[in-house]
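In what follows, chains are A, B, ... by sequence order, proteins preceding strands, each numbered from 1. Given the structure is predicted, the values throughout are model-derived calculations rather than measurements.
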There are 2 protein chains.
Amino acid sequence: MPTMSDLPNSSPTPLTIGALAKQTGVKIPTIRYYESIGLLPEAPRTGSNRRTYDSGSVRRLRFIRHARELGFEVEAIRQLLAMADDPGQPCREADLLARTHLAGIESRIARLEALRDEVRRMVEGCAQDQVRSCHVIEVLADHAHCLHDRH
Amino acid sequence: MPTMSDLPNSSPTPLTIGALAKQTGVKIPTIRYYESIGLLPEAPRTGSNRRTYDSGSVRRLRFIRHARELGFEVEAIRQLLAMADDPGQPCREADLLARTHLAGIESRIARLEALRDEVRRMVEGCAQDQVRSCHVIEVLADHAHCLHDRH
DNA sequence: TCTTGATCCTCCAGTCGCTAGAGAATTTAG
DNA sequence: CTAAATTCTCTAGCGACTGGAGGATCAAGA
């Protein structure tokens, strides 16, 4: 089974923050921000005080980015990272975290769908005439026009 | 056709900010915030400097609240309010605003659904064993596990 | 070698839409 | 009359970044 150390560049040049940003799609100030809140460890510095990274940084930052894209909050990611760093532990916590998150996503979808129906109704009812007879304004002005009242 | 002035209390007591908050479901600091950013006009004050409101304020604030609940940004609401205040104008702008908003909602739903599928896959694949074999961590660590790559 | 432009550093302020607290004044209920 | 509730202003904080100022350093071409 091949590992990193089998590959040609077994001691690769450390990455600059800009290179890391390019490889992960995370902006430079955001990387520094993640370090400042402790999501990323403090990067080792060069003689001239520049941050250096390696392929481990790329993996960790991709993990963070992916989790953020999936809608996880930073606090949740902090917990997930701690679990990922400790692979011998039972994963019930990670599972629970993800399940809780899933429930949140589902309720967001439901609310957005109710919202979409309402805005759609609003738009389709518009007579394109005058504001006086415009459903958009009317619906916004009076909640009684709505199909749902739980938004 | 009955109007306001036909009703018994034709000169109703002005509302306090607390009463307005209760009638609209908008919190007091939020009402003051809306005034500070110009969504609500500056409320007339009593001799002791307290804000006073009337039924028009209730309508306007409900309009704002409803639009916020529908996901409109404050800037959009500002435009919608300006249009609602000018009912003789053609409503193409309001319509366009709402249509743009609808498109935004629809794309948010689509992205959330992709996300939901992915988190669901993550959760369902979890062997409840160890982090080492946990799909939750695995999927987060490697985007290649994902069905979609456009989230 | 010099110079130019790209990249990096730190620190601070701003974004959005609120939300909460301090501390003072006033109103209302018992 | 007193005590509790409400209101006022002002300020700061939330989450998750994002951007700019002002300065240091690096890499590449003439």
Side-chain angles (χ1 to χ4, degrees), chain A residues 13-40 42-54 57 60-81 101 104 108 111 115 151, chain B residues 13-40 42-54 57 60-81 101 104 108 111 115 151:
Chain A
T13 324
L15 301 168
T16 63
I17 196 170
L20 180 63
K22 251 169 214 148
Q23 289 203 27
T24 59
V26 178
K27 290 181 186 166
I28 291 172
T30 305
I31 295 172
R32 292 197 275 244
Y33 169 71
Y34 285 159
E35 182 182 311
S36 81
I37 62 168
L39 264 198
L40 288 176
E42 291 190 14
R45 306 295 184 107
T46 66
S48 63
N49 200 34
R50 300 188 168 198
R51 291 171 178 84
T52 59
Y53 300 93
D54 57 20
S57 318
R60 193 176 184 89
L61 189 48
R62 282 197 178 140
F63 183 106
I64 295 169
R65 184 190 153 211
H66 195 187
R68 284 292 303 136
E69 283 171 344
L70 286 173
F72 285 88
E73 291 175 6
V74 164
E75 275 320 299
I77 296 173
R78 208 187 289 279
Q79 294 174 50
L80 289 169
L81 278 169
H101 188 63
R108 270 156 76 192
R111 275 181 297 128
L115 197 154
H151 61 236
Chain B
T13 323
L15 299 168
T16 63
I17 196 171
L20 178 64
K22 252 170 213 147
Q23 288 202 29
T24 59
V26 178
K27 289 180 186 164
I28 291 172
T30 306
I31 295 171
R32 292 198 274 244
Y33 169 71
Y34 286 160
E35 182 182 310
S36 81
I37 62 168
L39 265 198
L40 287 176
E42 291 191 14
R45 306 296 182 106
T46 66
S48 63
N49 200 33
R50 300 188 166 198
R51 290 170 178 84
T52 59
Y53 300 94
D54 57 19
S57 318
R60 194 176 182 91
L61 188 48
R62 282 198 179 138
F63 184 107
I64 295 170
R65 185 190 153 210
H66 196 187
R68 284 293 301 138
E69 283 170 344
L70 287 174
F72 285 90
E73 290 174 8
V74 165
E75 275 320 297
I77 296 173
R78 209 187 288 279
Q79 294 175 50
L80 288 170
L81 278 168
H101 188 63
R108 269 155 77 192
R111 276 182 298 130
L115 196 154
H151 63 236

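Considering only side-chain N and O atoms, B/Thr16 lies nowhere under 4.0 angstrom from the phosphate OP1 or OP2 of D/dT6.
Residue-level contact check: B/Ile28 touches the backbone only, with heavy atoms under 4.0 Å from sugar-phosphate atoms and none from bases.
Between the CZ atom of B/Arg32 and the P atom of D/dC10 there is a distance of 12 Å, rounded to whole Å. When the P atom of D/dT6 is taken as reference, atom CG of B/Leu20 falls 15 Å away, rounded to whole Å.
Not counting sequence neighbours, the partners of A/Arg78 by the salt bridge (charged side-chain N to carboxylate O under 4.0 Å, His left out) test are A/Glu75. With sequence neighbours left out, the side-chain contact (heavy atoms from CB on, under 4.5 Å) criterion links A/Gln79 to A/Met83, A/Leu97. Under the side-chain contact (heavy atoms from CB on, under 4.5 Å) criterion, A/Tyr53 pairs with A/Leu15, A/Ile17, A/Leu20, A/Ile31, A/Glu35, A/Ala43, A/Arg51, A/Ser57, not counting sequence neighbours. Partners of B/Ser48 by side-chain contact (heavy atoms from CB on, under 4.5 Å), not counting sequence neighbours, listed by chain and number: B/Thr46, B/Arg50. Applying the salt bridge (charged side-chain N to carboxylate O under 4.0 Å, His left out) criterion to B/Glu42, with sequence neighbours excluded, gives no partner residue. Take B/Arg60 and apply the side chain to side chain donor-acceptor pair (under 3.5 Å) test, not counting sequence neighbours, and it matches B/Asp85.
Looking at every heavy atom in both residues, B/Val74 comes nearest to B/Ile37 through CG1-CD1, 3.7 Å. Listed here is the closest heavy atom pair of A/Ile28 and A/Gly18: CD1-CA, 3.9 Å.
A donor-acceptor distance shorter than 3.5 angstrom exists from the side chain of B/Thr52 to the backbone of B/Pro44, with no hydrogens or angles considered.
With a 4.5 Å cut-off on side-chain heavy atoms, B/Tyr34 and B/Val26 count as touching.
Read 5' to 3', the first and last nucleotides of DNA chain C with an atom closer than 4.0 Å to a heavy atom of chain B are C/dG17 to C/dT27.
Within the structure, side-chain hydrogen bond (donor to acceptor under 3.5 Å, both in side chains) pairs that include any residue of residues 16-30 of chain B do not occur (at least two apart or interchain).
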Output a table of nitrogen or oxygen pairs between the protein and nucleotides 15-18 of chain D separated by less than 3.5 Å.
from	atom 1	to	atom 2	distance (Å)
D/dC17	OP2	A/Tyr34	OH	2.7
D/dC17	OP2	A/Arg68	NE	2.9
D/dT18	OP2	A/Thr30	OG1	3.0

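For the segment residues 42-54 of chain A, residues with any heavy atom less than 4.0 angstrom from an atom of DNA chain C are, sorted by number, A/Arg45, A/Asn49, A/Arg50, A/Arg51.
Helix-axis bend for the helix from C/dT1-D/dA30 to C/dG30-D/dC1: the local axis fitted to the five terminal pairs at one end deviates from that at the other end by 10°, rounded to 10°.
The CZ atom of A/Arg68 sits 12.5 Å away from the CG atom of A/Leu61 when rounded to the nearest 0.5 Å.
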